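Notes for the one structure printed next.
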Amino acid sequence: MSVKIALVGRPNVGKSTLFNRLVGKRLALVDDTPGVTRDRREGEARLGDLSFTVVDTPGLEEAPEAALEGRMRKQTDIALAEAAACLFLIDARAGVTPLDKTFASILRASGKPVILLANKAEGSAGDAGLYDAYGLGVGEPLAISAEHGEGMAELYNLLEPFLAEWQSEEDEEEAEWDDPLKPLRVAIVGRPNAGKSTLVNHLIGENRLLTGPEAGITRDSISVEWKWQGKDRDWPVKLFDTAGMRKKAKVQSKLEKLSVADSLRAIKFAEVVVLLMEATSPFEKQDLQIADLALREGRGLVLAVNKWDLIEDRDAAMRSMREMADRLLPQAVGIPIVAFSALTGMGTNRLMPAVTRIYIDWNARVKTPELNDWLQEATARHAPPAVSGQRIKLRYIAQTKTRPPTFVAQCTRAEDLPAAYKRYLINGIRDAFDIRAVPIRLILRKPGNPFAKEKRK
């Protein structure tokens, strides 16, 4: 495992901007609004030939422990405890504030190595703040501009000797933890306040993500690596906690638009999507739109119903939800529904078995001879309809890829085959080969004309 370097400082000093520059991607949300980052986010950073894990943290604020800002502060404290060293950022243009001095003393008391960065120091506007930073007592400040990339060579020179000390230990840990299996990427999505962060915290067994009764606490899509112990083997899993997605018309602020875009990106890069709904109001229009998006992207989908402890007649409620799922999501008939309470943990042990079953179906492969035997039986049982007096013939079918299962069939007058018959074929593949609740793509192609070249001659 690589060395962890934590980015710490008060709100709006540019920690997320520096995080994005070090990882080489725009992973963390950046906005002029203070306090955008609320959970700690990890990323694999590269600076020249140096590689390490950088941790973006919420802004350090003095606040009561029960308040949202106090809970954010806990996330920073955890990152500080886990990190081998800290990059302490101040805003050179704003100068040293009392809050900077308070947390400089906290960093000194921690005993962690600290590199002091005076950010936003481009031009001469930050000179006064740079000189004031010497009084913080955590070493000589380095003038940088995270937004424009200034000072990165000097930061490299400061980090290189420190990381060299950890290199041998890091190599030993990497060899020990190297796993040939890539993590299964699972995105937890849903409307605001459905309990996504609470679910992730319960699954991994620690308060990794910020939670609370306030809607919209999560803003970034945060990835958490974890190992789930299945019956057959251990599954390395990367869980993505995402921001709640409201109806498009209600999303007005720039910050919320960035959060939703981050959630959509998590869906596109996931392999299985867990749609979290509230038991008291399942299958809202927004839930169905999120489900449809995940299926159109070709992702495996699991319906998760949270706050199940609030339901009295659970058998009747589950029958109702099963009927609604099959009726409202006909493109994934038989999709698994897992009901639980993320707060109490009741029933959460059923979620990952459902996720792994969907993942296995998502990777399903069917042999070509078996497919063509099925096609002959399916067309004999229900022949394709005639269009304009001419019959449509399906001659051959083969699977071309997995993730999701994709099939190509040779079909005369392919453009005229009714959508209802295409659904009949897709559902037939589901039933015959037991590929449940994952998107199945069927591509129809006209057979080639063997006389086409001769006609051109």
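As the structure is a prediction and not an experimental result, all values here were calculated from the model.
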Salt bridge (Lys or Arg N to Asp or Glu O under 4.0 Å) between Arg322 and Asp326, intermediate numbers included: CA-CA 6 Å; Arg322 178 76 273 163; Asp326 292 342; 3.2 Å; yes
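- For the pair Asn372 (side chain) and Ile397 (backbone), a donor-acceptor distance under 3.5 Å is present.
- Atoms CZ and OG1, from Phe19 and Thr57 in turn, are 10.5 Å apart once rounded to the nearest 0.5 Å.
- Annotation: side chain of Phe283 is in contact with side chain of Met321 (closest heavy-atom distance under 4.5 Å).
- One N or O on the side chain of Gln399 and one on the backbone of Ala364 form a donor-acceptor pair closer than 3.5 Å.
- Asp416 and Gln390 form no side-chain donor-acceptor contact under 3.5 Å, judged by distance and modelled atom types alone.
- Under the 4.5 Å side-chain criterion, counting only non-hydrogen atoms from C-beta, Phe269 is not in contact with Ser223.
- At distances below 3.5 Å, at least one donor-acceptor pair connects side-chain atoms of Tyr424 with backbone N or O atoms of Ala378.
- Looking only at distances, no side-chain donor or acceptor of Ser320 sits under 3.5 Å from a matching main-chain atom of Ala316.
- Looking at every heavy atom in both residues, Asn306 comes nearest to Ala194 through ND2-O, 2.8 Å.
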Chi angles and distances behind the side chain to side chain contact (heavy atoms under 4.5 Å, CB included) call for Leu18, Lys15: CA-CA 5 Å; Leu18 179 58; Lys15 298 184 295 298; 6.0 Å; no
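- Around CZ of Arg108, the count of heavy atoms belonging to other residues, nucleotides or ligands within 6.0 Å exceeds 12.
- Checking side-chain atoms of Gln410 against main-chain N and O of Arg445 turns up no donor-acceptor pair under 3.5 Å.
- Closest non-hydrogen pair, Trp308 versus Ala317, comes out as CH2-CB, 3.7 Å.
- Residues Lys120 and Glu147 are not paired through a salt bridge, judged by the lack of any N-O separation under 4.0 Å between the basic side chain and the carboxylate.
- Here the straight-line distance linking atom CD1 of Ile5 with atom CG of Leu47 works out to 11.0 Å at 0.5 Å rounding.
- Taking every heavy atom of both residues into account, Leu295 and Ala332 meet most closely at CD1-CB, 4.0 Å.
- Residues Val338 and Leu303 have side chains not in contact (no heavy-atom distance under 4.5 Å, counting atoms from C-beta outward).
- Look at Lys446 and Glu415 and you find a salt bridge, because one of the NZ, NE, NH1 or NH2 atoms lies within 4.0 Å of a carboxylate O, short of that distance.
- For Thr348 (side chain) and Ala342 (main-chain N/O), no donor-acceptor pair under 3.5 Å exists by modelled atom type.
- With Leu351 as the partner, the side chain to side chain contact (heavy atoms under 4.5 Å, CB included) test is satisfied by one option alone out of Thr356, Val186, Leu199: Leu199.
- The shortest heavy-atom contact between Val13 and Asn119 is O-ND2, 2.8 Å.
- Atom CD1 of Ile440 is separated from atom CZ of Phe433 by 10.0 Å, given to the nearest 0.5 angstrom.
- Shown here for Ala45 and Val54, the closest heavy-atom pair between the two residues is CB-CG1, 3.8 Å.
- Residues Asp100 and Arg10 are in side-chain contact: their nearest non-hydrogen atoms beyond the backbone lie under 4.5 Å apart.
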Verdict with reasoning, Thr368 to Tyr396, per side chain to side chain contact (heavy atoms under 4.5 Å, CB included): CA-CA 9 Å; Thr368 301; Tyr396 178 82; 3.4 Å; yes
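- Within the 4.5 Å cutoff, the side chain of Val438 has no heavy atoms near those of the Pro404 side chain.
- The shortest distance between side-chain heavy atoms of Leu203 and Trp226 falls below 4.5 Å.
- Evaluation of the side-chain hydrogen bond (donor to acceptor under 3.5 Å, both in side chains) rule for Arg327 yields Glu323 as partners, not counting sequence neighbours.
- Judged purely by atom type and a 3.5 angstrom limit, Trp362 uses its side chain to pair as donor or acceptor with the backbone of Gly298.
- Within the 3.5 Å criterion, the main-chain N or O of Lys268 finds a donor-acceptor partner in the side chain of Arg299.
- Side-chain atoms of Phe52 and Leu159, non-hydrogen and from C-beta on, do get closer than 4.5 Å to each other.
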Residues Asp287, Arg191; criterion side chain to side chain contact (heavy atoms under 4.5 Å, CB included); working and verdict: CA-CA 7 Å; Asp287 294 329; Arg191 290 179 284 134; 3.1 Å; yes
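- More than 12 heavy atoms of other residues, nucleotides or ligands sit less than 6.0 Å from atom CG of Leu50.
- Taking the six-membered ring for Trp and thresholds of 30 and 60 degrees, Tyr359 and Trp235 have ring planes more than 60 degrees apart, a perpendicular arrangement.
- A donor-acceptor pair under 3.5 Å is absent between the side-chain atoms of Thr406 and the main chain of Thr400, judged by distance alone.
- Nearest heavy-atom pair, Ala354 versus Val302, reported as atom, atom and distance to 0.1 Å: O-CG2, 4.1 Å.
- In this structure, Phe103 CZ and Phe88 CZ are separated by 8.5 Å, a value rounded to the nearest 0.5 Å.
- No side-chain donor from either of Asn201 and Thr198 sits under 3.5 Å from a side-chain acceptor of the other.
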Derivation of the side-chain hydrogen bond (donor to acceptor under 3.5 Å, both in side chains) call for Ser197 and Asp241: CA-CA 6 Å; Ser197 299; Asp241 179 36; 2.6 Å; yes
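- Of the charged side-chain nitrogens involved, at least one lies within less than 4.0 Å of a carboxylate oxygen, so that Arg296 and Asp292 count as a salt-bridged pair.
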Worked check of side chain to side chain contact (heavy atoms under 4.5 Å, CB included) between Leu444 and Leu442: CA-CA 7 Å; Leu444 301 174; Leu442 177 60; 4.3 Å; yes
Can you give me every donor-acceptor pair (side chain of residues 270-282, partner residue at least two apart or in another chain, under 3.5 Å) with its distance?
| unit_1 | atom_1 | unit_2 | atom_2 | d |
| --- | --- | --- | --- | --- |
| Glu271 | OE1 | Arg185 | N | 3.0 |
| Glu271 | OE2 | Arg403 | NH2 | 2.7 |
| Glu278 | OE1 | Lys307 | NZ | 3.2 |

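- With values rounded to the nearest 0.5 angstrom, Lys112 atom NZ is found 6.5 Å from Leu80 atom CG.
- Distance check, rounded to the nearest 0.5 Å: CG of Leu301 to CD of Gln331 gives 9.0 Å.
- Put simply, the side chain of Met346 does not reach to within 4.5 Å of the side chain of Phe340, judged on heavy atoms.
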